Amino acid sequence: MKLTVISPTYNEAANVARFVQETSVALAAIDYEILIVDDNSPDHTWLVAEEIARRDPRVRVLRRMENPGLGPSIIDGVAAAKGEIVACMDADLQHDPGILPTMLENLLRGSAVVVGSRYVDGGDTTEWNWIRRLESWIATKTAQVCLGVKLKDPMSGYFVMRRQDVLAVKSQLQTKGFKILLEIIACLRPEVVTEIPYTFRPRIAGTSKMSSKVVVQYLLQILRLSPIGRRLSGRFVKFAVVGGSGVVVNLVVLATLVKVLRSGDWRLSAASSLVAATSNYILNNMWTFADAVRKGRRFVVGYFTYLIVTGVGLAVATVSYASMTWAFKRIALSPGELTPSTMALMLFQLIGIALGTFANYELNRSVTWPTAVKQEVQQLQLVPATPSAAIDQIRTEQPEASR
Ligand code: GDD
Ligand code: MN
């Protein structure tokens, strides 16, 4: 079989029959199947689709019971597809099935991805009010600027690809968001992408599932895929979170010692930092570097390695604390007063921590948990660093009708 049209549905009972009918007309000359991927819709879309499938052997239904969502539905649809080419399109008839043959033709002529586009010449969004237009414009620009994507309609949910290409990057895709196309392009880095214009039609029946949650997911997706997001790897974020918890531990211990011993001595600062470093080591070993975890003897050796490596930062923190309290006493204290206020001491400690943190991540990553670096290098070879550089060639084709 040549083509599988994958159409995710959620509460589209009123649209699915007409969708199948219009798509079948558009594909009359092509060897195809239509795969409706339904998230067990409360309005029984799956049942309506199963009825259609009983009469039309070209229609199949995948009823999903777990992990609901537009992205996961498309990926499951691709996995279940029989065609060597897959077309993803909405079931609410907003995507014009009329351009499917042109899209297919372009794929066969050498494009890796063919996108149904509202924003190339000949494309349009009918009946959108200015707010909807502005929202779409902002979302599109964000993707183009943050990811360097040259696609005119990177938000499109309408695209045609080879099934094998999607499967090749499947394990790298984070499919939670609505915008599965962006995700696939970021991972696959296709050389030739073509955009085919079409008019995004108004919804005939049912309601859109676009929500503020979808928008937030989209923004997080952009952040994650952007060059900055890629550099701020999950591991560094964890390291920073552990560091943040260490700051709290450090300040609480110091405040307690200052109160109990009624002193602002630098050794109390050093002791607090040591307690914080110990809790940081344990948390980093369990969580940040869980993939390179140290156990038994290696845990103890790792602790001292961590202290030595972190010692650079600890020394910086302690020395800055000592110099600041010294300077403060000389400059700000009136005769008779012995120590700066607890608040001032906390501030000195915080500044010291900030100064001492810079070297910690890089040093510990490479010295204390070296196996983690090896794993990162392997991952880097799998995941390209800049998603967008790939799309150097974008072509626009006019559909037959408008030529
Ligand atoms: N299986 C499944 N699970 N399907 C879903 C889900 C879900 O959680 N949420 C939505 N769908 C289906 C809808 O039933 C519809 O067929 C399609 O996905 C698109 O959902 P809409 O709610 O109609 O989205 P939209 O019209 O606001 O936005 C669409 O068009 C835009 C322009 O191309 C989406 O395709 C966007 O991704 C796209 O940017
Ligand atoms: Mn829609």
Side-chain angles (χ1 to χ4, degrees), residues 5-20 22-23 34-46 48-49 61-80 87-97 99 103 114-120 123-129 131-133 135-144 149 151-160 175-185 195-215 217-218 221-222:
V5 175
I6 297 166
S7 189
T9 54
Y10 193 74
N11 288 347
E12 304 288 1
N15 287 320
V16 72
R18 187 149 166 204
F19 168 75
V20 168
E22 277 200 29
T23 307
I34 296 174
L35 181 57
I36 303 287
V37 189
D38 187 70
D39 269 334
N40 198 25
S41 298
D43 78 348
H44 297 115
T45 307
W46 49 272
V48 178
V61 183
L62 189 64
R63 184 179 168 193
R64 300 172 79 249
M65 304 305 238
E66 278 165 27
N67 186 24
L70 180 49
S73 296
I74 287 177
I75 297 304
D76 281 2
V78 172
C88 300
M89 64 191 291
D90 298 350
D92 55 6
L93 293 156
Q94 294 195 272
H95 292 163
D96 177 6
I99 61 167
M103 291 173 87
V114 183
V115 179
S117 176
R118 296 162 289 181
Y119 302 129
V120 291
D124 199 1
T125 50
T126 45
E127 293 180 25
W128 272 14
N129 60 28
I131 296 183
R132 186 77 174 80
R133 277 174 206 272
E135 283 170 0
S136 183
W137 186 83
I138 292 172
T140 302
K141 280 286 165 245
T142 311
Q144 287 169 342
V149 169
L151 271 174
K152 290 277 193 321
D153 193 355
M155 319 289 300
S156 181
Y158 192 11
F159 57 93
V160 178
T175 54
K176 242 186 176 172
F178 239 48
K179 305 302 168 196
I180 190 77
L181 175 67
L182 264 186
E183 191 76 29
I184 292 176
I185 284 184
E195 295 191 72
I196 310 289
Y198 78 99
T199 298
F200 192 75
R201 302 191 242 172
R203 231 183 205 278
I204 306 167
T207 49
S208 171
K209 282 87 206 172
M210 191 73 86
S211 62
S212 49
K213 191 178 151 202
V214 171
V215 175
Q217 277 176 344
Y218 167 69
Q221 181 189 23
I222 297 269

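Whatever order the structure lists them in is the order used to number ligands and atoms, beginning at 1. Keep in mind that this is a model prediction, so the values were computed, not measured. Only heavy atoms go into these numbers, but all of them, side chains included; no hydrogens, no water, no symmetry mates.
The atom of Asp92 nearest to the Mn ion (ligand 2) is OD2, with the search restricted to N, O or S atoms.
The closest protein non-hydrogen atom to atom 35 (O) of ligand 1 is Asp90 OD2, 2.7 Å. Considering only non-hydrogen protein atoms, atom 28 (O) of ligand 1 sits nearest to Met210 CE, 3.8 Å. Of the protein's heavy atoms, Lys209 N, 2.5 Å lies nearest to atom 22 (O) of ligand 1. Looking only at protein heavy atoms, the nearest one to atom 3 (N) of ligand 1 is Asp39 OD2, 2.5 Å. For atom 12 (C) of ligand 1, the nearest protein heavy atom (residue, atom name, distance) is Pro8 O, 3.4 Å. Of the protein's non-hydrogen atoms, the one nearest atom 11 (N) of ligand 1 is Leu70 CD1, 4.0 Å. Ranking protein heavy atoms by distance to atom 5 (C) of ligand 1, first place goes to Tyr10 CB, 3.7 Å. Of the protein's heavy atoms, Met155 O, 2.4 Å lies nearest to atom 39 (O) of ligand 1.
The minimum heavy-atom distance between Ala13 and Asp43, with the atom names listed, is N-OD2, 3.0 Å. Pairing each heavy atom of Ile99 with each of Pro197, the nearest pair is CG2-O, 3.7 Å. Nearest heavy atoms, Phe19 versus Ala91: CB-O, 3.5 Å. Looking at every heavy atom in both residues, Asp96 comes nearest to Tyr158 through O-OH, 2.8 Å.
Listed by number with element, the atoms of ligand 1 under 4.0 angstrom from any heavy atom of Gln94 are 23 (O), 26 (O). With ligand atoms numbered from 1 in the order given, ligand 1 contributes 13 (C), 14 (O), 15 (C), 16 (O) to contacts under 4.0 Å with heavy atoms of Glu12. Distances below 4.0 Å separate heavy atoms of Val37 from the following atoms of ligand 1: 1 (N). Per-residue contacts place Ala91 under 4.0 angstrom from the following atoms of ligand 1 (heavy atoms of the residue considered): 16 (O). Numbered from 1 in the order shown, with element, the atoms of ligand 1 that lie under 4.0 Å from a heavy atom of Asp92 read 23 (O), 26 (O).
For residue Ser208, no N/O/S atom approaches the Mn ion (ligand 2) to within less than 2.8 Å.
Side chains of Leu151 and Ile185 form a contact here, defined as non-hydrogen atoms less than 4.5 Å apart.
Rounding to the nearest 0.5 Å places CG of Asp76 at 9.5 Å from CD of Glu66.
One finds a salt bridge joining Arg203 and Glu12 here, because a Lys/Arg side-chain nitrogen approaches an Asp/Glu carboxylate oxygen to under 4.0 Å. A salt bridge between Arg64 and Asp39 is present, with a side-chain N of the basic residue lying under 4.0 Å from a carboxylate O of the acidic one.
For the residues Pro202, Ser208, Gly77, the heavy atom positioned nearest atom 25 (P) of ligand 1 is part of Ser208. Selection from Lys179, Met89, Arg203, Arg118 by nearest heavy atom to atom 37 (O) of ligand 1 gives Lys179.
Only side-chain heavy atoms of Tyr198 come within less than 4.0 Å of ligand 1; its backbone N, CA, C and O stay farther off. Counting heavy atoms closer than 4.0 Å to ligand 1, residue Ser73 contributes side-chain atoms (C-beta onward) but none from N, CA, C or O. Contact annotation for Phe200 and ligand 1: only side-chain heavy atoms (C-beta onward) come within less than 4.0 Å of the ligand. Contacts between Asn15 and ligand 1 below 4.0 angstrom, taking non-hydrogen atoms only, are absent altogether.
Using a 4.0 Å heavy-atom cutoff, Tyr218 is absent from the residues neighbouring ligand 1. Heavy atoms of Arg64 stay at 4.0 angstrom or farther from ligand 1.
Side-chain contact check for Thr207 and Asn11: no donor-acceptor pair (N or O, by modelled atom type) lies under 3.5 Å. For the residue pair Tyr119/Ser136, the side-chain donor-acceptor check at 3.5 Å is satisfied.
A donor-acceptor pair under 3.5 Å is formed between the side chain of Glu195 and the backbone N or O of Lys152. Of the possible donor and acceptor atoms, none in the side chain of Asp90 sits under 3.5 Å from a partner among the backbone N and O of Asp92.
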TODO: Check step by step if side chain to side chain contact (heavy atoms under 4.5 Å, CB included) holds for Leu62 and Ile6.
DONE: CA-CA 10 Å; Leu62 189 64; Ile6 297 166; over 6 Å; no
TODO: Kindly indicate, with the supporting measurements, whether the criterion side chain to side chain contact (heavy atoms under 4.5 Å, CB included) is fulfilled by Ile36 and Trp46.
DONE: CA-CA 8 Å; Ile36 303 287; Trp46 49 272; over 6 Å; no
